[in-house]
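Only one structure is covered here, and it is reproduced in the block below.
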Amino acid sequence: MKRGLKRIATIAARMLGVFAIVTFVYLLAGTALSTIPRNRDWQPPTTGGVTVWIEDNGVHTGIVMPKVAAGIDWRRDFPAADLPDPRYAANDHVAVGWGERNFFLGTPTWSDVRPATVVHAAFGSDETLLHVEHIPRPQVTKDVRAVVLRPDEYRRLAAVIRASRASGVAVRGYAGYDAFYPASGRYDAIRTCNAWTGNRLAEAGVRIGWWTPFSASVMQWF
């Protein structure tokens with residue numbers, strides 16, 4: 001009996017050791033690779049352009065865009081009829097983020113986060129969503145950074161965000177001003193919500209890190 005318990009304790013200790021090493025390597029890689037720039041020579045335009053914002057809630061980042069700019073009209077993609085309260089469609093900006101379906105729908109507040117939900121998302125899921133909020137023009141704060149894009153860069157950003165959406169109907173959001181939409185792409189510990197933000201900005205031509213798995217990995221560039 002004692003030998004059995006000792007063996008179980010030894011296995012558990014080894015597993016914890018492996019987990020600690022994997023976590024350390026993951027954090028180290030995420031920190032290091034996020035400092036290596038893509039689109040190294042990019043600079044914002046000195047005049048004109050379209051202002052977008054990168055927002056951070058401490059864990060998750062999203063991209064805020066004007067509803068109508070540079071020939072892009074998000075009202076067609078995210079209509080008022082998809083909102084629980086269509087009056088919020090009068091707001092002139094949309095905030096768009098991407099993530100794992102169960103995590104999005106199961107955690108309307110951080111107090112709702114459960115270890116099993118986090119583990120499930122980290123190991124991977126093909127069920128992903130776009131989260132879209134209809135909001136007023138943001139104000140710059142430590143958690144909201146403004147980025148000015150050239151019109152062609154903004155149109156590329158819009159194109160890759162649109163490509164992240166899959167077919168299907170909207171899903172009710174957390175409040176009257178937001179909704180979820182079926183998305184494409186696999187979520188896992190490598191392809192996180194913040195990596196999605198970084199990749200979309202990189203595809204538009206913006207200077208950002210090679211891999212941005214954490215919100216800080218994104219925000220450090222703006």
Side-chain angles (χ1 to χ4, degrees), residues 21-66 69-72 74 93-100 103 118 121-122 124 128-133 135 137-165 183-222:
I21 292 170
V22 170
T23 301
F24 175 77
V25 171
Y26 178 77
L27 293 172
L28 183 63
T31 301
L33 292 175
S34 71
T35 64
I36 302 172
R38 288 181 279 183
N39 305 315
R40 181 185 298 271
D41 297 328
W42 179 84
Q43 293 292 332
T46 55
T47 59
V50 178
T51 301
V52 303
W53 292 261
I54 313 303
E55 60 176 8
D56 171 25
N57 67 8
V59 177
H60 170 85
T61 53
I63 302 171
V64 182
M65 300 166 289
I72 303 299
W74 290 110
H93 285 68
V94 288
V96 182
W98 175 91
E100 199 269 332
F103 192 95
V118 175
T128 54
L129 295 171
L130 288 180
H131 184 211
V132 178
E133 301 171 276
I135 62 174
R137 179 185 173 95
Q139 299 295 317
V140 173
T141 68
K142 67 181 182 64
D143 298 320
V144 180
R145 314 285 173 79
V147 185
V148 181
L149 306 181
R150 295 167 182 83
D152 62 316
E153 293 168 345
Y154 180 68
R155 286 189 285 268
R156 289 203 300 272
L157 176 64
V160 294
I161 289 176
R162 282 172 169 161
S164 294
R165 183 173 172 180
S184 60
R186 179 174 176 81
Y187 184 101
D188 55 36
I190 305 300
R191 291 162 288 200
T192 67
C193 56
N194 300 305
W196 179 89
T197 300
N199 288 337
R200 300 296 79 78
L201 292 168
E203 289 164 339
V206 177
R207 186 172 185 260
I208 194 145
W210 271 101
W211 182 38
T212 57
F214 318 123
S215 62
S217 307
V218 176
M219 301 303 285
Q220 67 182 328
W221 290 94
F222 308 108

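Counting from 1, the numbers follow the sequence of the chain as shown. Note that the structure is a prediction, hence the values are computed from the model and not measured.
Once rounded to the nearest 0.5 Å, the distance linking CG of Asp56 with OG of Ser217 reads 10.5 Å. Rounded to the nearest 0.5 angstrom, Arg156 CZ and Leu149 CG are separated by 9.0 Å. In this structure, CE in Met65 is found 3.5 Å from CD1 in Ile161, a value given to the nearest 0.5 Å. In this structure, CG in Asp143 is found 16.0 Å from CH2 in Trp53, a value given to the nearest 0.5 Å. Taken from OG1 in Thr197 to CE in Met219, the straight-line distance is 10.0 Å, to the nearest 0.5 Å. Between the CZ atom of Phe214 and the OG1 atom of Thr31 there is a distance of 5.5 Å, given to the nearest 0.5 Å.
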Using atom types as modelled, flag every donor-acceptor pair under 3.5 Å from a side chain in residues 40-52 to any protein atom, sequence neighbours excluded.
| from | atom 1 | to | atom 2 | distance (Å) |
| --- | --- | --- | --- | --- |
| Trp42 | NE1 | Glu153 | OE1 | 3.4 |
| Trp42 | NE1 | Glu153 | OE2 | 3.0 |

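Heavy atoms only, all atoms of each residue included: Pro138 and His93 are closest at CD-CD2, 4.1 Å. Taking both residues in full, the closest heavy atoms of Gly58 and Ser215 are given as O-OG, 3.3 Å, listed atom of the first, atom of the second, then distance. For the residue pair Ser184 and Thr128, the shortest heavy atom distance occurs at O-OG1, 3.5 Å. The nearest pair of heavy atoms linking Arg155 to Ala70 is NH1-O, 3.1 Å. The nearest pair of heavy atoms linking Leu157 to Arg200 is CD1-O, 3.7 Å. Contact record, Gly198 with Thr212: CA-OG1, 3.5 Å, taken as the closest heavy-atom pair.
A donor-acceptor distance shorter than 3.5 angstrom exists from the side chain of Thr192 to the backbone of Pro213, with no hydrogens or angles considered. In this structure a side-chain-to-backbone donor-acceptor pair under 3.5 Å is present from Gln220 to Ser34.
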Original post:
Given Ile36 and Trp211, is the side chain to side chain contact (heavy atoms under 4.5 Å, CB included) satisfied, shown in steps?
Top reply: CA-CA 8 Å; Ile36 302 172; Trp211 182 38; over 6 Å; no
Original post:
Do Ile63 and Trp196 pass the side chain to side chain contact (heavy atoms under 4.5 Å, CB included) test, and can you show the C-alpha distance, the side-chain angles, and the key distance before you say yes or no?
Top reply: CA-CA 10 Å; Ile63 302 171; Trp196 179 89; 4.3 Å; yes
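In this structure, Trp221 has no side chain to side chain donor-acceptor pair (under 3.5 Å) partners at least two apart in sequence or on a different chain. The side chain to side chain donor-acceptor pair (under 3.5 Å) check on Trp74 picks up Tyr154, with sequence neighbours excluded.
Among the candidates Val206, Leu201, Asn199, the single residue satisfying the side chain to side chain contact (heavy atoms under 4.5 Å, CB included) test with Arg38 is Asn199.
A donor atom on one side chain and an acceptor atom on the other are found under 3.5 Å apart for Asn194 and Thr61.
Between Asp188 and Arg191 there is a salt bridge, since a side-chain N of the basic residue sits under 4.0 Å from a carboxylate O of the acidic one.
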